[in-house]
Amino acid sequence: MQSRRNLISGAALSAGLGLATLGLPRRARAQSTPAGEGQAIWGGRFAEKPGAIMQEINVSIDVDRRFWKQDLAASRVHAAMLSRQKIISSEDAAKIDAGLVIIEGEIRTGIFPFRREYEDIHLNVEARLAELIGPAAGRLHTARSRNDQVATDFKLWVRDALDQMQLKVRDLQLALVTRAGEHVDTVMPGFTHMQPAQPVTLGHHLMAYVEMFGRDVSRMADARTRMNECPLGSAALAGTSFPIDRTWTAEALGFARPAANSLDGVADRDFALEALACATLCAGHLSRLAEEMVLWTNPQFGFITLSDSYSTGSSIMPQKRNPDAAELVRAKSGPISGAFFALNTVMKGLPLAYNKDMQEDKPPVFVAFDALDLAVRATTGMVLDFKANKARMAAVAGSGFATATDLADWMVQRLKIPFREAHHLTGVAVRLAETRGVDLPQLTLKQLQGVHPGITSDVYGVLTAQASSASRSSYGGTAPAQVRLQVQRWKGLLATT
Ligand code: ARG
C-alpha cells in the first residue's frame, strides 16, 4: 500500500501546492476538531452528545458519501470564491484547497476515515479538513450552510447521472437502429389487443422503441436544462450578509446561473423528482420491450432466440431456457417508479425551507439510477444479442387472417365499394376460411367470388404478409422503404448529437 506521506504530498503537489510551503505538518496528524473531542461540529449550544437512537436516525454518511466528489468540488469553488471576494485570506484558502485535495486522494485510495459520528459527507470532510490543516478549516463554512451545500452536491450528482444516462440510452438506440437496419423487410405479426392484427416488419417494430427512447433522452435533456441553477450561496435559507459572488460559483460549477430565490434554492427537490420521472418513463419503455422479449423467446412464439449469455436454466426442468435478464428489466420499473413515488411523498406538504425529511431524498434516487443503468445496459446487450427466427415470424405473420384488411382495401381500390361494405364482405370471407380450416390465401377464387363476384385472381398478390407490409408505405408505415428512411434518419441523428 502507498504510504500516506507520499500520497498526501503527491496529491497536494498535483494541485500546485506543497505542504511545506503552506506551513502544514509534513505528516498530517489527527488534531482535535474546533468543536473538541467527541463533540458534534454544531455542538456549541449543547451540553450533551446526541443519544444513540438520535445518532442512528440522523446519520446519512453511508448514503451521501456517494457524492464526495461533488462535495469536494463545491467546497473548493466556495473557498476560492471566498478568497476572491476577500472574505477569507488567500493563505487560508490555499490551505483549505490543499487539504481538500489531500482528502480527495484519501478517498480515492480508500484510506479516508468515514465516521458515522460526523453524520454526513459534509461534516466528515470538514472534520477531516480540521485534522489536516488546523484552524483554517473553520473558515470554509463561512457564508454557507449544509442546506445549500447538500442541495448543490446532490444537484451536481443528479445532473451528472442524467448526462451519463442520456449517453447510455443513446447506445441502446444505436443498437436498436443497427438491428432494425438488418430487418427492414423481416415480416412478423403485428398485434393489437395481443391478437394478430396486421403484418409488420421487425425493423419497424424495433424502430418504435427508438422513438420512445429518443423522447426519453430529450426529456432528460430538458430536465437537465431546467435544473441547471446553482443553490450554493442560498446559505441556510435567507442568503448571507457576506459579499459572496454567486454568479462566479455557479459558473465555476457549470451551472447556467445561481438559483434566484434562496428559500427555493435550499428547499427545491423537484430537480430530483423530475430526474426520477424521466427514469420512470424510460423504465416503462424498457419494461415493454423486455416483455416482448419474454414473449418472443417463448417457443410458442419462437420469434427470437437469446444466446446463452442472456438466458438461464432451471434447476429442475432440464429443457428450460429462461429469459431472466428480460424479466428483471421488466421488473426494474417497479423500484424505479416506486422511487418517484417515495420521494414525492417525502416532499409533499413540507413547509419551506429545508427540513430534515429531505435527507431521505437520496436513497430513492440512487436506487432508481442504479437500476436504470443496469436495465439499459442489459437491454442494449439483449438487443445486440438476439437472433431473429425469420422463417417462423414470416409463417406466423401470414396466419390468423392477418391480411384481412388488405383484402378489404383491395376491394375498396379495385371494386370501388365503400370501406364499410368491404369490411363486412371480408368478415364473411374470414368466416368462410375459418369454417374450412384455412387462411385467406388458401380460399379458392371461386370461394372468394362467392363473397363478391368482382374479385379477380390478382387479389392473391395482396394476401401474403410480405405484400401486405410492403403496401403500407404511408409516412411512418411499416413498408421496408419507410423503415429504411427512418433508420437512415436516426443513424444521422445519433451520429451528430
Ligand atoms: N445530511 C443532510 C441532508 O442530507 C445535510 C443537510 C443538513 N442540514 C441541517 N440543517 N441539518 O439533508
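Counting convention: from 1, in listed order, for ligands and their atoms alike. The figures that follow rest on heavy atoms only: side chains count, while hydrogens, waters and symmetry mates do not. Residues: numbered from 1 along the sequence shown.
For atom 8 (N) of ligand 1, the closest non-hydrogen atom on the protein side is Asn147 OD1, 2.9 Å. For atom 12 (O) of ligand 1, the nearest non-hydrogen atom of the protein is Tyr354 OH, 2.4 Å. Nearest to atom 5 (C) of ligand 1 among the protein's heavy atoms is Asp120 OD2, 3.4 Å. Closest to atom 2 (C) of ligand 1 among all protein heavy atoms lies Gln359 OE1, 3.2 Å. Atom 11 (N) of ligand 1 has Arg146 NH2, 3.5 Å as its closest protein atom, hydrogens excluded (heavy atom only).
At least one heavy atom of Lys362 sits less than 4.0 Å from an atom of ligand 1.
A cation-pi arrangement is absent between Arg288 and Tyr209 under the rule of less than 6.0 angstrom and at most 45 degrees off the ring axis.
The stretch residues 352-372 participates, sequence neighbours left out, in these ring pair (Phe, Tyr, Trp, His ring centres under 6.0 Å) pairs: Trp157-Phe366. Residue pairs satisfying the ring pair (Phe, Tyr, Trp, His ring centres under 6.0 Å) criterion with at least one member in residues 247-267, sequence neighbours excluded, are absent.
Checking only distances, His122 never comes within under 3.5 Å of ligand 1, N or O to N or O.
Atom CZ of Arg330 sits about 10.5 Å away from atom CG of Asp324, to the nearest 0.5 Å.
Gln149 and Arg146 form no side-chain donor-acceptor contact under 3.5 Å, judged by distance and modelled atom types alone.
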